[in-house]
J.: 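Got a structure here, written out as structure tokens. Questions coming.
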Amino acid sequence: GAATLPIRMAAHQEGALAVAKALETHPKVTRVIYPGLPSHPQHELARKQLKNFSGMLTFQVADGPAAAKLLSERLQVVHYAVSLGHHRSLVCYLSTADLVRSSFHLTPEQEASYRSYAGDGIFRMSVGLEDPADLIADLDQALAPLA
């Protein structure tokens with residue numbers, strides 16, 4: 001309910017920041033996009049404008065489709081599902097080719113710009129209310145077999 005919303009949003013942000021920091025140093029992760037990280041290109045602007053960086057983050061790995069398969073098979077705490085803002089942590093892979101083919105009508109310049117951001121695809125993660133250490137350990141074990 002609305003009475004606990006500020007507490008839940010603080011927990012989402014706290015967990016997302018911890019997960020983002022861990023993924024940023026993970027050897028299999030090539031990029032993390034989260035406004036709460038100093039590495040985010042608009043971090044200073046986000047600090048000025050936001051009271052809460054949210055529970056949403058984006059990350060990439062070198063072989064997104066292979067990682068998506070591993071995550072869908074190996075995750076035990078995080079759920080591999082398409083949704084946002086749940087009390088459970090959720091992650092899904094968004095293939096650039098699939099998105100461009102099915103969702104967007106982009107000019108060649110727009111597509112090139114999107115690909116420079118997303119590469120071949122990105123993982124979107126909605127961090128829930130679980131213990132961040134459990135989420136980090138779950139992601140770590142799921143990504144471990146990647147080459």
Side-chain angles (χ1 to χ4, degrees), residues 7-47 49-147:
I7 296 166
R8 287 181 287 137
M9 291 309 299
H12 286 295
Q13 174 187 258
E14 181 182 318
L17 182 58
V19 170
K21 285 179 178 179
L23 288 175
E24 194 169 46
T25 62
H26 195 285
K28 308 292 173 73
V29 175
T30 58
R31 183 176 178 201
V32 177
I33 304 165
Y34 181 69
L37 292 175
S39 61
H40 191 280
Q42 294 180 319
H43 175 70
E44 287 304 316
L45 179 62
R47 282 186 43 187
Q49 293 183 342
L50 302 173
K51 292 181 181 179
N52 184 310
F53 295 118
S54 90
M56 295 297 303
L57 61 98
T58 300
F59 65 95
Q60 292 174 298
V61 299
D63 187 347
K69 184 172 180 0
L70 284 172
L71 292 179
S72 70
E73 295 170 350
R74 296 176 54 92
L75 287 172
Q76 298 170 8
V77 178
V78 179
H79 295 261
Y80 192 87
V82 179
S83 188
L84 307 172
H86 204 276
H87 69 279
R88 297 185 312 204
S89 292
L90 307 167
V91 67
C92 68
Y93 181 68
L94 303 170
S95 161
T96 296
D98 290 346
L99 285 171
V100 169
R101 183 178 66 252
S102 64
S103 301
F104 299 120
H105 302 286
L106 303 177
T107 67
E109 295 81 17
Q110 289 170 324
E111 184 175 337
S113 175
Y114 182 78
R115 285 185 183 278
S116 73
Y117 161 77
D120 291 334
I122 56 174
F123 286 92
R124 291 289 287 164
M125 183 171 183
S126 174
V127 176
L129 301 177
E130 304 92 344
D131 186 305
D134 292 341
L135 300 174
I136 293 164
D138 195 30
L139 289 163
D140 190 47
Q141 67 79 26
L143 291 170
L146 277 178

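Residues: numbered from 1 along the sequence shown. Quick caveat: nothing in here was measured; it's all calculated off a predicted structure.
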J.: Once side chain to side chain donor-acceptor pair (under 3.5 Å) is applied, do any residues pair with D98, and if so which ones, sequence neighbours excluded?
T.: R101
J.: Assess whether side chain to side chain contact (heavy atoms under 4.5 Å, CB included) is satisfied between L139 and L75, documenting all intermediate values.
T.: CA-CA 7 Å; L139 289 163; L75 287 172; 4.1 Å; yes
J.: Please list all pairs meeting ring pair (Phe, Tyr, Trp, His ring centres under 6.0 Å) that have one or both residues in residues 123-147, counting only residues at least two apart or in different chains.
T.: F59-F123, Y93-F123
J.: What are the two closest non-hydrogen atoms of A142 and L71, and how far apart are they?
T.: CB-CD2, 3.4 Å
J.: Not counting sequence neighbours, which residues clear side chain to side chain contact (heavy atoms under 4.5 Å, CB included) with P132? List them please.
T.: A18
J.: If I take atom NE2 from residue H12 and atom CG from residue L17, how far apart are they, to the nearest 0.5 angstrom?
T.: 14.5 Å
J.: With rounding to the nearest 0.5 Å, note down the distance linking CG in L94 to OG1 in T58.
T.: 8.0 Å
J.: With sequence neighbours left out, write down each residue that passes side chain to side chain donor-acceptor pair (under 3.5 Å) with T107, or none if nothing qualifies.
T.: E109, Q110
J.: Strictly distance-based, threshold 3.5 Å: is any side-chain N or O of S126 a donor or acceptor partner for the main-chain N or O of L90?
T.: no
J.: Using side chain to side chain contact (heavy atoms under 4.5 Å, CB included) as the criterion, list what pairs up with A66, not counting sequence neighbours.
T.: D63, L146
J.: Does R47 have any side chain to side chain donor-acceptor pair (under 3.5 Å) partners at least two apart in sequence or in another chain, and if so, which?
T.: none
J.: Do the side chain of Q13 and the main chain of F53 share a donor and acceptor less than 3.5 angstrom apart?
T.: yes
J.: Keeping to residues at least two apart or across chains, list the salt bridge (Lys or Arg N to Asp or Glu O under 4.0 Å) pairs with something in residues 68-91.
T.: K69-E73
J.: Could you note down all residue pairs passing ring pair (Phe, Tyr, Trp, His ring centres under 6.0 Å) where residues 60-86 supplies at least one of them, sequence neighbours left out?
T.: none
J.: According to salt bridge (Lys or Arg N to Asp or Glu O under 4.0 Å), does anything in residues 21-39 pair up with another residue at least two apart or in another chain? List the pairs.
T.: none
J.: Can you tell me how far CD of Q141 sits from CG of L70, rounded to the nearest 0.5 angstrom?
T.: 9.5 Å
J.: From S54 OG over to Y34 OH, what is the distance, rounded to the nearest 0.5 angstrom?
T.: 5.0 Å
J.: Which heavy atom of R8 sits nearest a heavy atom of L129, and at what distance?
T.: O-CD2, 3.8 Å
J.: Could you tell me which residues satisfy side chain to side chain contact (heavy atoms under 4.5 Å, CB included) with A144, sequence neighbours excluded, listed by chain and number?
T.: none
J.: Which value, rounded to the nearest 0.5 Å, describes the distance between I33 atom CD1 and L57 atom CG?
T.: 9.5 Å
J.: Restricting to pairs with a member in residues 124-147, which pass salt bridge (Lys or Arg N to Asp or Glu O under 4.0 Å), not counting sequence neighbours?
T.: none
J.: Between Y114 (side chain only) and T96 (backbone N and O only), is there a donor and an acceptor less than 3.5 Å apart?
T.: no
J.: State, to 0.1 Å, how close S116 and S113 come at their nearest heavy-atom pair, and which atoms those are.
T.: OG-O, 2.6 Å
J.: Kindly say whether G128 contributes a backbone atom to a donor-acceptor pair with the side chain of S89 at under 3.5 angstrom?
T.: yes
J.: Listed by chain and number, what are the side chain to side chain donor-acceptor pair (under 3.5 Å) partners of R115, not counting sequence neighbours?
T.: E111
